[in-house]
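First the structure, in the form of structure tokens, and then the observations on it.
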Amino acid sequence: MIYKDKVEISKLVLNVISGMVDGESIKFSYGTGWKGEPNIYRVHCYKDKKGVSSYSIWNSFSGMNVASLGPTMI
């Protein structure tokens, strides 16, 4: 896969994440772990009373808040 293809796929994923409603989450895999198994992540959406979205990303045992969403990165 070339960089241009990655950017196009990333745009689709960004649109899905941006369209999430409060309490919704999506699960995806990225890369592999040390045993060769896929790394599974979950992105959660939270909305405040004004409707502003914030996100967090989790793997099987830890998570962190997402400061920004970009076209090719979280």
Side-chain angles (χ1 to χ4, degrees):
M1 181 181 293
I2 61 174
Y3 181 75
K4 181 181 174 188
D5 296 335
K6 290 180 183 181
V7 171
E8 290 300 317
I9 292 170
S10 296
K11 285 180 185 178
L12 295 172
V13 174
L14 182 60
N15 287 338
V16 169
I17 292 172
S18 299
M20 291 169 51
V21 297
D22 186 37
E24 191 173 19
S25 65
I26 61 167
K27 187 162 89 169
F28 64 95
S29 66
Y30 180 79
T32 57
W34 62 277
K35 290 184 177 181
E37 299 170 351
N39 293 322
I40 305 296
Y41 298 94
R42 186 176 298 270
V43 175
H44 292 274
C45 175
Y46 308 95
K47 292 199 180 204
D48 63 13
K49 292 180 182 180
K50 295 181 181 178
V52 178
S53 298
S54 60
Y55 305 94
S56 64
I57 187 166
W58 293 81
N59 63 9
S60 61
F61 60 90
S62 65
M64 67 177 141
N65 293 332
V66 174
S68 65
L69 297 171
T72 58
M73 65 177 194
I74 294 181

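As the structure is a computational prediction, the values presented were derived from the model and not from experiment.
- Linking ILVMFWY side-chain heavy atoms closer than 4.5 Å, directly or via other members, places I26 and V21 in two distinct hydrophobic clusters.
- Between the CD1 atom of I17 and the NE2 atom of H44 there is a distance of 12.0 Å, given to the nearest 0.5 Å.
- Taken to the nearest 0.5 Å, the CD1 atom of I57 stands 6.5 Å off from the CE atom of M64.
- Between the OG atom of S53 and the CG atom of L69 there is a distance of 9.0 Å, given to the nearest 0.5 Å.
- To the nearest 0.5 Å, atom OH of residue Y41 and atom CG of residue N59 are 6.0 Å apart.
- Cluster membership check: V13 shares its hydrophobic cluster with V43, using side-chain heavy-atom separations under 4.5 Å among Ile, Leu, Val, Met, Phe, Trp and Tyr.
- Checked against salt bridge (Lys or Arg N to Asp or Glu O under 4.0 Å), K47 has no partners two or more places apart in sequence or in another chain.
- Taking all atoms of both residues into account, the shortest heavy-atom contact from I40 to S29 is CD1-CB, 3.7 Å.
- Between N65 and S56, the shortest heavy-atom contact is OD1-CB, 3.9 Å.
- Connectivity analysis of hydrophobic side chains (ILVMFWY, heavy atoms under 4.5 Å, direct or indirect) links V52 to nothing; its cluster partners are none.
- For the atom pair Y46 OH and Y55 OH, the distance stands at 12.0 Å (nearest 0.5 Å).
- The shortest heavy-atom contact between S25 and M20 is CA-CE, 3.6 Å.
- The cluster map of Ile, Leu, Val, Met, Phe, Trp and Tyr, joined by side-chain heavy atoms under 4.5 Å apart, puts Y30 and W58 in different clusters.
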